[in-house]
Amino acid sequence: VYESTKNISDFARQSMSNTAESLAGALGIGLSEQLVTIRNISYTNSVIAAAEKVAKEGAEKSQHEIALAEKQLVKIKSAEGDRVSSINLVGKNGIFFGSSDMKTFKGTNVSKREYFTKALNGTPNVGSVVFSVTTGRIVCTAAVPIYSSTGKDITGVAMIAAELKFLLNIFKDMKVGKAGYAYIVDKNGLYITHPVKGNILKTNIFQIKGMETVSELVKQGKAGITEYTLEGIRKVAAIAPVELTGWSVANTIPVEELY
């Protein structure tokens with residue numbers, strides 16, 4: 001653990017570190033569960049059969065198989081509740097051929113999304129946070145390849161989109177002292193959560209003057225505590241990585257509150 005400040009009490013340092021690490025740990029567990037859920041979906045017989053036929057004959061000639069797969073997706077989505085925005089099946093061309101909500105997502109093209117291309121190349125992944133191309137809402141995705149019945153070929157991609165508002169609610173209610181707050185940034189430095197909604201997926205901490213020491217910890221994927229000055233206010237931040245995604249959780253507070 002990196003520490004760039006020695007003036008703050010050991011208790012304060014430990015408390016901030018514990019909070020950041022607890023939040024990162026909880027996020028890691030939740031995201032792992034999301035990945036397991038979509039992987040299990042990709043292994044079901046109806047999904048395998050639908051993706052395999054779509055890959056061979058196209059969606060128009062695969063309506064029976066798609067309908068069976070969608071019936072299962074709707075049932076799983078219902079069990080997951082509002083936390084999940086949608087569960088989708090994507091052809092090798094990047095276009096949805098099946099969904100838990102096909103009326104909304106029919107024809108959606110995600111061929112240029114990183115989570116899709118990774119999964120299509122055989123890499124399960126979670127933690128891509130994007131504005132939905134269909135709904136415009138912010139979602140966190142998990143995507144996995146769908147393999148053929150022989151297990152040799154990738155025939156499509158299964159993906160689940162979780163509503164980011166559930167993450168936002170956790171961090172919105174997280175208070176650090178009187179003027180402190182917690183937030184998440186992705187591996188590229190973009191805010192995933194922030195008290196100012198306008199910063200989400202738009203503001204990059206790597207480009208903010210004064211946040212260089214925080215940025216360095218995020219870039220290296222390290223846990224640590226560092227002091228920095230933002231808009232004339234001296235602050236302390238505790239950083240903890242979410243290893244599964246490359247995200248970092250930070251909780252920050254003005255230095256004067258720690259004395």
In one Ile/Leu/Val/Met/Phe/Trp/Tyr side-chain cluster, 4.5 Å: Leu31, Ile138: yes

Lys71 vs Lys75 side-chain heavy atoms within contact, under 4.5 Å: no

No-hydrogen, no-angle side-chain donor-acceptor test under 3.5 Å, Ser46 and Gln72: yes

Same apolar cluster: Ile208 and Val214, side chain cutoff 4.5 Å: yes

Leu244 vs Ser32 side-chain heavy atoms within contact, under 4.5 Å: yes

Heavy atoms of other groups near Asn40 CG, more than 12 under 6.0 Å: yes

Side-chain donor or acceptor of Asn188 paired with backbone N/O of Asp186 under 3.5 Å: no

Full working for salt bridge (charged side-chain N to carboxylate O under 4.0 Å, His left out) between Glu227 and Arg234: CA-CA 7 Å; Glu227 282 193 35; Arg234 285 181 63 217; 2.7 Å; yes

Transitive ILVMFWY side-chain link Val129 to Phe131, under 4.5 Å: yes

Whether Thr155 side chain and Ile146 backbone form a donor-acceptor pair below 3.5 Å: yes

For Glu70 against Phe97, the heavy-atom pair lying closest together: OE2-O, 4.1 Å

Shared hydrophobic cluster for Val74 and Ile76 (ILVMFWY, side-chain gaps under 4.5 Å): no

Ile253 side, atom CD1; Tyr181 side, atom OH - distance, nearest 0.5 Å: 11.5 Å

For the student: nearest non-hydrogen atoms of Leu23 and Ala182, plus distance: CD1-CB, 4.1 Å

Full working for side chain to side chain contact (heavy atoms under 4.5 Å, CB included) between Ser128 and Arg113: CA-CA 9 Å; Ser128 178; Arg113 296 291 202 186; over 6 Å; no

Non-hydrogen atoms of Leu89 and Ala69 that approach each other most closely: CD1-CB, 3.9 Å

Whether Ser17 side chain and Gln14 backbone form a donor-acceptor pair below 3.5 Å: no

Exam field: side chain Gln34 to backbone Cys140, donor-acceptor pair closer than 3.5 Å: yes

Heavy atoms of other groups near Lys202 NZ, more than 12 under 6.0 Å: no

Ser248 side-chain N/O to Ile239 backbone N/O, donor-acceptor pair under 3.5 Å: no

Donor-acceptor contact present, side-chain Thr19 to main-chain Ser15, <3.5 Å: yes

Exercise: do Asn125 and Thr123 side chains pair donor with acceptor under 3.5 Å: no

Glu212 side-chain N/O to Gly210 backbone N/O, donor-acceptor pair under 3.5 Å: yes

Candidate pair Val110 and Tyr115, rule side chain to side chain contact (heavy atoms under 4.5 Å, CB included), full reasoning: CA-CA 9 Å; Val110 294; Tyr115 63 79; 3.3 Å; yes

Approximate separation, where rounding is to 0.5 Å, of Met159 CE and Ser99 OG: 9.0 Å

Test log, rule side chain to side chain contact (heavy atoms under 4.5 Å, CB included), inputs Phe206 and Val218: CA-CA 9 Å; Phe206 296 170; Val218 172; 4.0 Å; yes

Aromatic ring pairing His194/Tyr183, orientation class (parallel under 30°, perpendicular over 60°, tilted between): tilted

Ile154/Tyr147 under side chain to side chain contact (heavy atoms under 4.5 Å, CB included): CA gap, chis, key distance, verdict: CA-CA 4 Å; Ile154 293 174; Tyr147 286 93; 3.5 Å; yes

OG1-CD1 distance between Thr141 and Ile38, expressed to the nearest 0.5 angstrom: 10.0 Å

Nearest heavy atoms of Lys77 and Ser86, plus distance in Å: CE-N, 4.4 Å

Pairwise side-chain contact, Thr108 with Asn88, heavy-atom cut-off 4.5 Å (strictly under): no

Matching residue for Ile192 among Ile184, Thr245, Val185 - test: side chain to side chain contact (heavy atoms under 4.5 Å, CB included): Ile184

Main-chain N/O of Ile205 paired with Ser215 side-chain donor or acceptor, under 3.5 Å: yes

Shortest non-hydrogen contact between Ser148 and Ile48, atoms and distance: C-CG2, 4.0 Å

Closest heavy-atom pair and its distance - Val249, Ala20: CG1-O, 4.0 Å

Rounded distance [0.5 Å steps], OG1 in Thr226 versus CD in Glu216: 10.5 Å

Trp247 side, atom CH2; Leu190 side, atom CG - distance, nearest 0.5 Å: 12.0 Å

Side-chain donor or acceptor of Ser100 paired with backbone N/O of Leu73 under 3.5 Å: no

Cluster check Ile95, Met102: I/L/V/M/F/W/Y, side chain < 4.5 angstrom: no

Parallel, tilted or perpendicular: rings of Phe105 and Phe96 (30°, 60°): tilted

Residue pair Tyr228 / Thr252, side-chain donor-acceptor N/O under 3.5 Å: yes

Side-chain (Thr44) to main-chain (Ile41) donor-acceptor, under 3.5 angstrom: yes

Point-to-point distance, once rounded to the nearest 0.5 Å, from CD of Glu52 to CD of Glu57: 10.5 Å

